[in-house]
Amino acid sequence: MATSDLTRCVLTPRVATEGFEPVGIGVHRASTILFEDAAAYAERGERGEKGYSYGLYGTPTTRTLEEKLTQLEQATRTFLAPSGQAANALAAMAFLNKGDHLLLVDTVYPPMRDFALSDLVRMGITPEFFDPTDLGGLKERIRSETRLIWCESPGSTTMEIMDIPAAAALAHEAGTLLAVDNTWATPLNLKPLALGADIVTEALTKYVSGHSDVLMGSISVRDPDLAKSVKDMIGRMGIGASPDDASLVLRGLETLGMRLRHCGAVAQRFAERLSGNPVIGRVLFPGLPTMAGHEIFKRDFAGSSGVFSLTFPESVAPHVWRALDHLSLFGIGASWGGTRSLAAPMSIGASRSAACWREPDVILRLSIGLEDEGELWEDLQQMLTALARLSAAGDAAE
Ligand SMILES: *Cc1c(COP(=O)(O)O)cnc(C)c1O
């Protein structure tokens with residue numbers, strides 16, 4: 001039948017794949033999945049969670065990434081989302097109903113705060129924020145309508161460590177779910193589900209993909225009932241992840257362990273050497289014994305990643321933006337966790353309500369990449385020297 005070139009152009013011959021065992025999985029792109037006959041098509045709904053029916057609900061490429069993450073997170077199941085923030089928003093929305101109360105850590109990733117205060121409020125959900133370092137305060141805020149407690153440890157930008165096992169115990173006592181955005185630690189350095197959390201999200205965009213060229217997020221859950229809620233909702237919303245992007249994340253994941261170990265070690269040495277520098281206020285890095293929460297960090301985390309922050313004294317803070325132009329290796333830009341080291345000046349005052357920020361509101365977030373350690377250090381010194389000079393000149397002008 002298929003003798004016309006026009007038909008041949010459309011039909012794809014199947015070559016043998018037996019014996020072809022590459023190290024990674026190929027990129028399987030599909031919307032349509034063909035069925036062997038009409039009966040198989042009619043029964044496609046019974047193929048179960050491992051079966052394939054339509055590209056939106058998974059391809060071998062996206063399923064492979066989900067499976068790898070499920071193993072690393074010690075989860076029941078993982079779902080991909082098109083970005084880390086999409087994973088956060090979907091993970092929260094899957095479990096919240098009108099009238100529910102939602103507790104969020106005050107140091108939550110700022111777009112998640114905005115999502116709670118705009119969209120979730122519009123849906124009739126009441127968000128409230130708690131101080132990550134005050135579990136008594138968290139306990140007091142739990143009500144009978146509290147459905148979900150949303151955590152992030154260390155906190156975005158200011159790096160406060162939370163006692164996840166203790167928060168999970170409080171949540172479960174009250175019949176509430178506990179979710180953790182685990183982007184900083186990645187599943188290699190912290191396993192929130194093993195510490196009692198019910199849901200964990202990751203911005204795979206950061207360390208897991210690791211090359212600043214892809215956006216993706218994941219939602220992993222501890223229990224099959226929770227998995228069903230997430231699966232059904234993201235299916236209804238039509239959310240899927242691109243197999244091309246999933247394949248990039250799978251490639252990045254293969255080197256995550258080595259990259260993370262290197263970036264964490266360099267960050268530790270830089271954080272120690274920067275402590276006490278007169279132009280710096282505090283070095284916010286959980287690997288420093290002077291950081292509040294360091295003991296919890298040592299107990300729960302297997303290591304640190306390469307992202308940390310610097311605060312500045314009053315007389316120095318106004319000059320930070322200009323000093324950044326003296327960096328040449330560190331790029332200036334948002335996101336982190338890639339091969340290129342990055343610096344980003346952050347202002348957080350407007351995104352804190354339970355634990356108000358009382359220091360100058362310019363915090364410099366650094367992400368250590370894979371460049372030569374000595375050259376990175378020199379680059380930082382150049383910026384700090386400029387900062388000292390600008391601050392001294394600023395003082396003299398007053
Ligand atoms: C970057 C980030 C996200 C969002 O990831 P995107 O893929 O950029 O949407 C979520 N949570 C945390 C803690 C992050 O740092």
Side-chain angles (χ1 to χ4, degrees), residues 62 65 69 73 78-93 104-116 119 129 132 148-162 164 178-190 192 197 199-220 234 239-242 244-246 248-249 252-253 256 260 263-264 267 284-286 301 304-309 331 333-338 340 342-348 351-352 363-369:
T62 56
L65 177 55
L69 292 167
E73 303 277 13
T78 298
F79 302 93
L80 300 178
S83 71
Q85 175 55 14
N88 283 350
L90 293 165
M93 224 167 18
L104 300 109
V105 69
D106 206 31
T107 50
V108 68
Y109 178 63
M112 189 58 182
R113 184 183 199 94
D114 290 348
F115 173 68
D119 303 285
F129 296 88
L148 178 64
I149 301 175
W150 188 274
C151 309
E152 193 181 317
S153 179
S156 269
T157 309
T158 44
M159 301 282 159
E160 293 84 350
I161 293 291
M162 260 195 82
I164 303 275
L178 188 102
V180 177
D181 177 338
N182 195 41
T183 300
W184 184 86
T186 84
L188 297 193
N189 280 335
L190 188 75
I199 303 149
V200 57
T201 61
E202 308 278 352
L204 305 173
T205 306
K206 307 277 174 59
Y207 280 111
V208 177
S209 68
H211 294 74
S212 312
D213 56 0
V214 58
L215 286 151
M216 197 170 287
S218 64
I219 306 166
S220 300
I234 65 179
I239 307 280
S242 139
D244 293 82
D245 290 349
L248 287 174
V249 177
L253 192 36
L256 175 63
L260 207 54
C263 296
L284 307 176
F285 181 66
F301 290 68
S304 79
S305 67
V307 175
F308 64 99
S309 301
S335 202
W336 39 262
R340 177 80 190 266
L342 293 177
M346 312 289 289
S347 165
I348 58 145
S351 42
R352 295 288 186 275
I363 300 177
L364 186 63
R365 188 184 64 203
L366 297 176
S367 171
I368 302 300

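These values consider heavy atoms only, across backbone and side chains, with no hydrogens, waters or symmetry-generated copies. Numbering of ligands and ligand atoms starts at 1, following listing order. One-based numbering along the sequence shown.
Distances between N or O atoms of Ser156 and those of ligand 1 include no value under 3.5 Å. Remark: ligand 1 and Ala86 share no N or O pair separated by less than 3.5 Å (distance only, no angle test).
Here the protein heavy atom with the shortest distance to atom 5 (O) of ligand 1 is Ala203 CB, 3.2 Å. Of all protein heavy atoms, the one closest to atom 8 (O) of ligand 1 is Leu215 CD2, 3.9 Å. Closest to atom 12 (C) of ligand 1 among all protein heavy atoms lies Asp181 OD2, 3.4 Å.
The closest side-chain donor-acceptor pair between Thr158 and Glu160 falls under 3.5 angstrom.
Interatomic distance, Phe285 CZ to Ser305 OG, rounded to the nearest 0.5 Å: 7.0 Å. Taken from OG in Ser156 to CH2 in Trp184, the straight-line distance is 12.0 Å, to the nearest 0.5 Å.
Side-chain atoms of Arg113 come within 3.5 Å of backbone N or O of Asp106 as a donor-acceptor pair. Between the Asn182 side chain and the Leu190 main chain, a donor and an acceptor come within less than 3.5 Å of each other. The backbone N or O of Leu204 sits less than 3.5 Å from a side-chain atom of Ser209, completing a donor-acceptor pair.
Of all atoms in ligand 1, listed by their number and element, those nearer than 4.0 Å to a heavy atom of Asn88 are 10 (C), 11 (N). The ligand atoms of ligand 1 that sit less than 4.0 angstrom from a heavy atom of Gln85 are 4 (C), 5 (O), 6 (P), 9 (O). Interface of Glu152 with ligand 1, defined as ligand atoms under 4.0 Å from a residue heavy atom, comprises 13 (C). Below 4.0 Å from some heavy atom of Gly84 lie the following atoms of ligand 1, by number and element: 4 (C), 5 (O), 6 (P), 7 (O), 9 (O). In summary, the atoms of ligand 1 found under 4.0 Å from a heavy atom of Thr205, numbered by their order in the structure, are 6 (P), 7 (O).
The heavy atom nearest to atom 2 (C) of ligand 1, considering only Met216, Lys206, Arg365, Met112, is found in Lys206.
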- Item | Leu90 and Phe79: CA distance, side-chain angles, deciding distance, side-chain contact (heavy atoms from CB on, under 4.5 Å) verdict | CA-CA 10 Å; Leu90 293 165; Phe79 302 93; over 6 Å; no
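Centroid-to-centroid, the aromatic rings of Trp336 and Tyr207 come within less than 6.0 Å.
Within the structure, the closest approach of Trp336 to ligand 1 falls below 4.0 Å when heavy atoms are considered.
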